Amino acid sequence: NGATIAESTFTKQTLTGDTVQLAFDYLLAGIPQEITLNAFGSMWGLDTLLYSADTTITPQSGVNSSFNIVVKWVGPALPPSGQATMSVSLGAISVTTVAAQLGQPALPTPPPGGKKVLPGAFVDLSLTDNGHAGTNLDPYSWTDFSTISNTLKGAMFIKGSRSISVSEHDYIVNDSITLAPWDAMIDPVDGVNAPWRIYFSHTGTESAFTFIVDTMEGGILSGDDLTAVEFLGGALLNCYCGNAAVFLGNCTVRGCTFANSFLCQAIDAATVSDCIFIVPNLTVDAGATTLSTFTDCVFNCSATADPMLAFTNSQWDWSAPTMPSWDAARAFFASSALSFGISAPPQPGNVPYTGYAQGLWRTPRTGIGAMDFTL
């Protein structure tokens, strides 16, 4: 119940089967007692919560009893195999044992979109074949993922890059999935695989690719001059979008860069903050019925006046630097270059950047836009 707390430590990487004993003085009989087990450990050099379990028991005087609970992996990666046992000895007479078996992984800390989601699958955009399992050891290819994307749930952890030919209108529509960098699950410290990258090229007269997902985070997306990328729902966080036309509707956009887009249009009800826009102008869909808001954003174009757009702490007519292409090396995404000349406000944006506290390559965010904030 939080009143009695016992701690025990043991050597890292000790053998399976070792036991940690936590001694409690006593528990009242006939009264519900909440028992909680938290197991901390070191991953990637950081001490963090790895396992957690809790249950409520009512011990009876002189009666031996046992309870089963499920231990959830709550660490930042897929759980290892194994099990844990939590035992509580009640005095010299009765003994209560809580036997814990490892359950499905769960993430108690908010993922990119701020919701609790289970790891769903892994995707490697560099793979060109299909028939993969979607695990971290055998990740889906883009062909696998796009074919079954509407049946998946949870977080899709993505790495690699791919150029995709888009038909007249292709889409990923599933508000039960989050598209996140591979390193958000596998290698959150070094960020060696992030960000994931996709280039869309048109087929025919013109093409559009639509995303309607719960969250997109940590990606670089681009396209040719006859391709549009639409974000129609959910959250778009820490993404770099280049060249292609961009449409924003019924979505939340945080910490993104829209670079060299030949058209940027707010369709309806877009909530945008901490973003960089390098566009000829900002337009509004003729059918818009709900206000779109922009807070702490910088624009290279002149101020836009439209009754369906609201701006707070904006900087206009910014002299934008040369922006990197979608496949440029990490050094070209340096914040020292890409944020040069941005005033305060809109810098540093909405600190503490809840839900999008990292930039590209999962670097600690210190300002607006999507870039490497350590360079």
Side-chain angles (χ1 to χ4, degrees), residues 125 160-164 181 191-202 209 216-229 231 236-248 253-265 272-283 294 296-304 311 313-349 356 358-375:
L125 297 174
S161 63
R162 189 170 184 83
S163 180
I164 298 172
V192 294
N193 291 303
W196 50 279
R197 311 185 193 212
I198 299 178
Y199 181 88
F200 300 101
S201 58
H202 77 284
F209 198 98
M216 282 182 60
E217 193 261 343
I220 296 176
L221 302 101
S222 188
D224 60 29
D225 290 341
L226 292 176
T227 301
V229 182
F231 305 99
L236 181 65
L237 310 174
N238 183 39
C239 284
Y240 180 97
C241 306
N243 200 46
V246 174
F247 294 86
L248 305 174
V253 185
R254 301 282 187 267
C256 293
T257 295
F258 300 92
N260 304 323
S261 300
F262 63 88
L263 172 66
C264 186
Q265 185 172 93
V272 184
S273 68
D274 295 15
C275 290
I276 294 173
F277 290 87
I278 303 174
V279 296
N281 52 53
L282 190 64
T283 63
F294 295 78
D296 291 321
C297 294
V298 60
F299 304 84
N300 72 317
C301 58
S302 299
T304 300
F311 300 94
N313 293 338
S314 299
Q315 179 182 351
W316 300 92
D317 297 310
W318 172 53
S319 296
T322 300
M323 305 302 286
S325 63
W326 75 286
D327 56 352
R330 179 174 181 172
F332 290 93
F333 289 88
S335 62
S336 57
L338 301 188
S339 61
F340 183 79
I342 300 179
S343 62
Q347 292 284 34
Y356 59 108
Q358 294 169 318
L360 298 180
W361 284 272
R362 301 190 64 76
T363 54
R365 179 176 293 277
T366 58
I368 68 174
M371 58 194 72
D372 186 329
F373 289 97
T374 63
L375 300 177

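Keep in mind that this is a model prediction, so the values were computed, not measured.
- A search for side-chain hydrogen bond (donor to acceptor under 3.5 Å, both in side chains) contacts involving Ser325 returns Asp327, not counting sequence neighbours.
- For Gln347, there are no side-chain hydrogen bond (donor to acceptor under 3.5 Å, both in side chains) partners at least two apart in sequence or on another chain.
- Checked against side-chain contact (heavy atoms from CB on, under 4.5 Å), Phe340 has no partners two or more places apart in sequence or in another chain.
- We find the CD1-CD1 distance between Ile276 and Ile342 to be 4.0 Å, quoted to the nearest 0.5 Å.
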*Step by step, would you call Cys241 with Phe231 a side-chain contact (heavy atoms from CB on, under 4.5 Å)?*
CA-CA 11 Å; Cys241 306; Phe231 305 99; 4.0 Å; yes

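- Shortest non-hydrogen contact noted between Ser222 and Gly242 is OG-O, 2.9 Å.
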Taking only distance into account, with no hydrogens and no angle test, what donor-acceptor pairs under 3.5 Å do side-chain atoms of residues 366-375 form with protein atoms, sequence neighbours excluded?
from   : atom 1 : to     : atom 2 : distance (Å)
Asp372 : OD1    : Thr374 : N      : 2.9
Asp372 : OD1    : Thr374 : OG1    : 2.5
Asp372 : OD2    : Arg330 : NE     : 2.6
Asp372 : OD2    : Arg330 : NH2    : 3.2

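- The distance from the CG atom of Asn313 to the CG atom of Asp296 is 4.5 Å, given to the nearest 0.5 Å.
- Rounded to the nearest 0.5 Å, atoms CD (Glu217) and CG (Leu236) are 10.0 Å apart.
- Considering only heavy atoms from C-beta on, Ser273 comes within 4.5 Å of Tyr356 through its side chain.
- Within the 3.5 Å criterion, the main-chain N or O of Asn238 finds no donor-acceptor partner in the side chain of Arg365.
- Among residues two or more places apart in sequence or in another chain, the side-chain hydrogen bond (donor to acceptor under 3.5 Å, both in side chains) test is passed with Ser343 by Gln315.
- Ser201 pairs by the side-chain hydrogen bond (donor to acceptor under 3.5 Å, both in side chains) definition with nothing, not counting sequence neighbours.
- The ring-ring contact (aromatic ring centres under 6.0 Å, His included) check on Tyr240 picks up Phe333, with sequence neighbours excluded.
- Panel note: side chain Arg162, backbone Trp196; no donor-acceptor pair is recorded below 3.5 Å.
- Atom CG of Leu237 is separated from atom SG of Cys275 by 9.5 Å, given to the nearest 0.5 angstrom.
- Note: Thr257 OG1 to Leu360 CG = 7.5 Å, rounded to the nearest 0.5 Å.
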*asked:* Set out, in order, the CA-CA distance, both residues' side-chain angles and the distance that settles side-chain contact (heavy atoms from CB on, under 4.5 Å) for Thr322 and Phe332, then state yes or no.
replied: CA-CA 10 Å; Thr322 300; Phe332 290 93; over 6 Å; no

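- Counting heavy atoms from C-beta on, the side chains of Pro181 and Pro195 never come closer than 4.5 Å.
- Closest heavy-atom contact between Pro321 and Ala337: CG-O, 3.3 Å.
- Qualifying ring-ring contact (aromatic ring centres under 6.0 Å, His included) partners for Phe299, counting only residues two or more places apart in sequence or in other chains: Phe277, Phe311, Trp316.
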*Step by step, would you call Leu248 with Phe258 a side-chain contact (heavy atoms from CB on, under 4.5 Å)?*
CA-CA 11 Å; Leu248 305 174; Phe258 300 92; 4.3 Å; yes

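- By the ring-ring contact (aromatic ring centres under 6.0 Å, His included) test, Trp326 is found to be paired with Tyr199, residues two or more places apart in sequence or in another chain being considered.
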_Audit row: Leu125, Ser161, side-chain contact (heavy atoms from CB on, under 4.5 Å) steps and yes/no_ = CA-CA 5 Å; Leu125 297 174; Ser161 63; 5.6 Å; no

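- Under the 4.5 Å side-chain criterion, counting only non-hydrogen atoms from C-beta, Pro324 is in contact with Leu338.
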